Amino acid sequence: MQTATPSTGTPTQRGQAWALHVFTTLGVVVGILALREVLVGNAKLALIWLLVSFVIDGVDGPVARVLDVKSLVPVIDGYILDVVIDYVTCVVVPAAFMYQFDLLPSGNWGLFLIGLIVFTSAIWFSRTDMMSDENWFRGFPAAWNLVAPVLYIFQARPVIGAIITVALSLLSLSNFPVPHPVRVVWMRPVTLSVTIAWVGAMTVGVLALPDHWWILRPILLAGSIYFLVLGFVQIGRLRSGVASRLDAPH
């Protein structure tokens, strides 16, 4: 087996690259802390830990590209590391949360649904075509760490949680376009603004628990509908030929 050779970076640069890998890997530790709170029945703290892991996941990618971590530490595959961590924090822990806190039916139906979540998410994370050249995700990108908090803030009934779970799980196996909120060029200012408002409302809603602030619900609902509608519009653009190389990242 051929061993990868690091680029000619300085010791400081290589140290920063290794430090970033350590920071990234802390995400899975945070995920386990979230799982512990799920198991002991502390919904608010479980969601806070999930938010922390979400921040880690959002920060490490851009920093890795700036530091050129891939060439400085070629013995670590950052993509595989991210996938491993994301499967824990974005799929396994949220699925357990949804079952534990009655966002899904109890008993065998609930077990079937969390099995559906982890099964379809594993397929999605394994896809070689998970993202288009224009940075649209193909299928729901298994972001259950965003679904679980919203359902909990809405105090969704198990039947509603079940319907949403089945719908999103099936979407994971489809080619339904979901925009990356930063990388998709078309409608980027609007999409980014909606994403900031949506994530902000979700964060405030989690921190406000056990109170459920109704004022946040219209923001969360509108943001969710926006991404759904944008996906259908993109399908129309693709079929009509409007979506073109102009959508490619600059």
Side-chain angles (χ1 to χ4, degrees), residues 27-28 30-54 57 82-127 130 137-178 198-199 201-203 205-206 209-210 212 216-217 220-221 223-229 231-232:
V28 77
V30 170
I32 293 302
L33 292 175
L35 183 58
R36 176 192 180 277
E37 298 306 324
V38 170
L39 296 176
V40 300
N42 191 332
K44 179 174 183 177
L45 197 50
L47 292 177
I48 288 175
W49 281 123
L50 283 180
L51 287 176
V52 172
S53 69
F54 177 73
D57 185 47
D82 275 338
V83 168
V84 171
I85 295 169
D86 286 349
Y87 192 75
V88 174
T89 60
C90 300
V91 180
V92 174
V93 178
F97 181 95
M98 291 166 67
Y99 183 81
Q100 174 75 355
F101 295 105
D102 300 321
L103 299 175
L104 297 174
S106 59
N108 291 335
W109 278 112
L111 292 175
F112 169 78
L113 289 170
I114 63 173
L116 185 65
I117 290 172
V118 298
F119 178 86
T120 56
S121 297
I123 296 296
W124 189 85
F125 275 117
S126 301
R127 291 180 65 162
M130 65 169 60
F137 294 112
R138 291 189 173 101
F140 171 65
W144 296 99
N145 58 325
L146 302 181
V147 175
V150 173
L151 290 178
Y152 193 77
I153 291 170
F154 270 89
Q155 296 178 287
R157 295 181 179 180
V159 64
I160 299 299
I163 293 171
I164 291 174
T165 295
V166 171
L168 293 180
S169 295
L170 293 178
L171 279 181
S172 287
L173 303 178
S174 74
N175 287 324
F176 184 83
V178 178
W198 194 87
V199 173
M202 182 185 70
T203 302
V206 168
L209 293 172
H212 294 269
L216 299 173
R217 296 181 181 181
L220 294 170
L221 183 60
S224 303
I225 292 173
Y226 172 82
F227 279 98
L228 184 64
V229 170
F232 282 113

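One is the number of the first residue; the rest follow in order along the sequence. Keep in mind it's a predicted model, so treat the numbers as computed, not measured.
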Correct closest heavy-atom pair for A148 and F97 would be CB-CD2, 4.0 Å

Are V91 and I117 close enough, and set up right, to give a side chain to side chain contact (heavy atoms under 4.5 Å, CB included), and what steps lead you there?
CA-CA 7 Å; V91 180; I117 290 172; 4.0 Å; yes

**Study point:** Within-4.5 Å side-chain heavy-atom neighbours: L50 and S53
**Key:** yes

side-chain contact (heavy atoms from CB on, under 4.5 Å) filter on S224, not counting sequence neighbours, yields W198

W124 and A142 have their tightest heavy-atom pair at CE3-CB, 4.4 Å

Rounding to 0.5 Å, atoms OG (S172) and CZ (F125) come to a distance of 9.0 Å

Do D57 and I85 pass the side chain to side chain contact (heavy atoms under 4.5 Å, CB included) test, and can you show the C-alpha distance, the side-chain angles, and the key distance before you say yes or no? CA-CA 9 Å; D57 185 47; I85 295 169; over 6 Å; no

Output for pair (L103 CG, M98 CE), nearest 0.5 Å, gives 6.0 Å

The reported gap from NZ in K44 to CG in L209 (rounded to nearest 0.5 angstrom) is 6.5 Å

>> If you define the side chain from C-beta out and look only at heavy atoms, does anything of L170 sit under 4.5 Å from S174?
In response: no

Test side-chain contact (heavy atoms from CB on, under 4.5 Å), reference I114, set T165, L104, V92, output is L104

Ring centroid separation for F176 and F137, is it under 6.0 angstrom?
no

In short, side-chain hydrogen bond (donor to acceptor under 3.5 Å, both in side chains) pairs touching residues 99-122 with sequence neighbours left out are S121-W144

Under 3.5 Å, which donor-acceptor pairs link side chains of residues 151-160 to any protein atom two or more places apart or in another chain?
from : atom 1 : to   : atom 2 : distance (Å)
Q155 : OE1    : R217 : NH2    : 3.2

Closest non-hydrogen contact found for L47 with P149 is CD2-CG, 3.8 Å

>> Within the 4.5 Å heavy-atom criterion, are T89 and V28 side-chain neighbours or not?
In response: no

Closest heavy-atom pair, R127 versus L173, reported as atoms and distance to 0.1 Å, is NH1-C, 4.1 Å

The reported gap from CD1 in I48 to OG1 in T203 (rounded to nearest 0.5 angstrom) is 10.0 Å

### Query
Does the side chain of V147 come within less than 4.5 Å of P94's, by heavy atoms?
no

When every non-hydrogen atom of A34 is compared with those of V93, the smallest separation belongs to CB-CG1, 3.8 Å

Requested in this report: Test W49 against I32 for side chain to side chain contact (heavy atoms under 4.5 Å, CB included), laying out the working first.
Outcome: CA-CA 9 Å; W49 281 123; I32 293 302; over 6 Å; no

Residues A201 and L220: closest non-hydrogen pair is CB-CD2, 4.0 Å

request  = Decide side chain to side chain contact (heavy atoms under 4.5 Å, CB included) for L51 and M202; before the verdict, give the C-alpha distance in whole Å, the side-chain angles of both, and the deciding distance to 0.1 Å.
outcome  = CA-CA 9 Å; L51 287 176; M202 182 185 70; 3.5 Å; yes

